[in-house]
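Numbers here simply count residues along the sequence, with the first being 1.
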Amino acid sequence: LMNRVRKSLLGRAHIDLFRPYVAERGAILDVGCATGEMLDYLQENTDWSIHGCEPKESVAARAAEKGLQVVGKTLRQATYPAGSFDVVNMNHVIEHLPDVDETTAEVFRVLKPGGRAVFAEEQFTDPSHPSYESFGGNQDDDHEHRFHAVDLTHVVAVMESAGFDVVEAADTSIAGVPAKLIRLSRR
């Protein structure tokens with residue numbers, strides 16, 4: 001029950017990060033959506049057009065079993081048409097990326113002009129994180145790039161060079177969990 005409550009609180013908190021940027025019937029893409037918990041919440045609580053991509057096919061299949069529009073591919077492999085989405089959301093994704101530049105360029109491409117991107121990374125290596133004792137900031141065999149430090153300055157520079165305007169970049173807290181947050185606007 002506590003895990004479900006925490007997920008619900010985090011889900012609502014993450015949605016509040018991009019809610020101001022989506023019209024009543026906007027299109028949103030959740031990159032690295034895992035089994036689709038956030039998409040499921042969005043589908044139940046909004047009229048938005050909901051899409052997700054998850055590079056692990058077996059994990060994406062679990063999301064699709066819930067009736068969610070999820071493809072088992074990386075963002076680039078999914079080949080969404082240019083300008084498809086009002087918002088692209090990425091939670092806990094940058095820490096896994098071998099090439100932030102490539103993914104950032106693809107996010108820019110699939111966003112509509114004036115669209116928004118939201119990147120949020122929980123800081124599992126922060127001792128105040130609720131899961132710090134479980135993860136301890138150690139690498140997990142199932143997540144090749146898990147827990148590498150997210151250098152906010154570097155990531156912001158990459159995003160600006162891709163053409164984004166940075167609306168906000170900050171060390172913050174999301175539902176009481178330490179995080180790094182970047183909100184972007186596509187020119």
Quiz prompt | Spatial distance of atom CG (N89) from atom CZ (R116) [nearest 0.5 Å] | solution = 14.0 Å
Self-check item: With R109 via salt bridge (Lys or Arg N to Asp or Glu O under 4.0 Å) - residues at least two apart
Solution: E106
Quiz item: Going from OG1 on T103 to CD1 on I94, what distance comes out if it is rounded to the nearest 0.5 angstrom?
Solution: 9.0 Å
Self-check item: Under-4.0 Å salt bridge between R187 and D165
Solution: yes
Quiz prompt | Stepwise side-chain contact (heavy atoms from CB on, under 4.5 Å) check, L39 with V70 | solution = CA-CA 9 Å; L39 294 174; V70 175; 3.7 Å; yes
Practice problem: Sort and list the pairs that fulfil salt bridge (Lys or Arg N to Asp or Glu O under 4.0 Å) and have at least one residue in residues 57-74, not counting sequence neighbours. | Solution: none
Quiz prompt | Under 3.5 Å: donor-acceptor pair, side chain of R186, backbone of G115 | solution = no
Exercise. Please identify each residue that fulfils side chain to side chain contact (heavy atoms under 4.5 Å, CB included) with Q69, with sequence neighbours left out.
Key: H51
Quiz item: Roughly how far, to the nearest 0.5 Å, is the CE atom of M38 from the CG atom of D30?
Solution: 5.5 Å
Quiz item: Do L29 and L75 come within less than 4.5 Å of each other through their side chains, counting heavy atoms only?
Solution: yes
Self-check item: Residues that A162 engages under side chain to side chain contact (heavy atoms under 4.5 Å, CB included), provided they are two or more places apart
Solution: T104, F164
Quiz item: Can you name the residues that form a ring-ring contact (aromatic ring centres under 6.0 Å, His included) with F119, not counting sequence neighbours?
Solution: none
Exercise. Measure the shortest side-chain to side-chain distance between V71 and Y80 over non-hydrogen atoms and say whether it is less than 4.5 angstrom.
Key: yes
Practice problem: List in chain and number order the residues that pass side chain to side chain contact (heavy atoms under 4.5 Å, CB included) with A105, two or more places apart in sequence or in another chain; answer none if no residue qualifies. | Solution: none
Quiz prompt | Any residue meeting side-chain hydrogen bond (donor to acceptor under 3.5 Å, both in side chains) with S161, in chain and number order, not counting sequence neighbours | solution = none
Quiz item: Going from OG on S49 to CG on L42, what distance comes out if it is rounded to the nearest 0.5 angstrom?
Solution: 11.0 Å
Exercise. Please name all residues satisfying side-chain hydrogen bond (donor to acceptor under 3.5 Å, both in side chains) with E160, sequence neighbours left out, ordered by chain then number.
Key: none
Quiz item: Q77 side chain to T74 main-chain N or O, any donor-acceptor pair under 3.5 Å?
Solution: yes
Quiz item: With a 4.5 Å heavy-atom cut-off, do I182 and E168 have their side chains touching?
Solution: no
Quiz item: Looking at side-chain heavy atoms only, is the closest gap between D86 and I28 below 4.5 Å?
Solution: no
Practice problem: Mind checking side chain to side chain contact (heavy atoms under 4.5 Å, CB included) for Q43 and listing every partner two or more places apart, or none if nothing turns up? | Solution: L68
Quiz item: Residues two or more places apart in sequence or in another chain: which of them pass side-chain hydrogen bond (donor to acceptor under 3.5 Å, both in side chains) with D101?
Solution: none
Quiz item: Say you draw a straight line from CG of L111 to OG of S185; how long is it, rounded to the nearest 0.5 Å?
Solution: 8.5 Å
Self-check item: Within one Ile-Leu-Val-Met-Phe-Trp-Tyr cluster: V59 and Y41, side-chain cutoff 4.5 Å
Solution: no
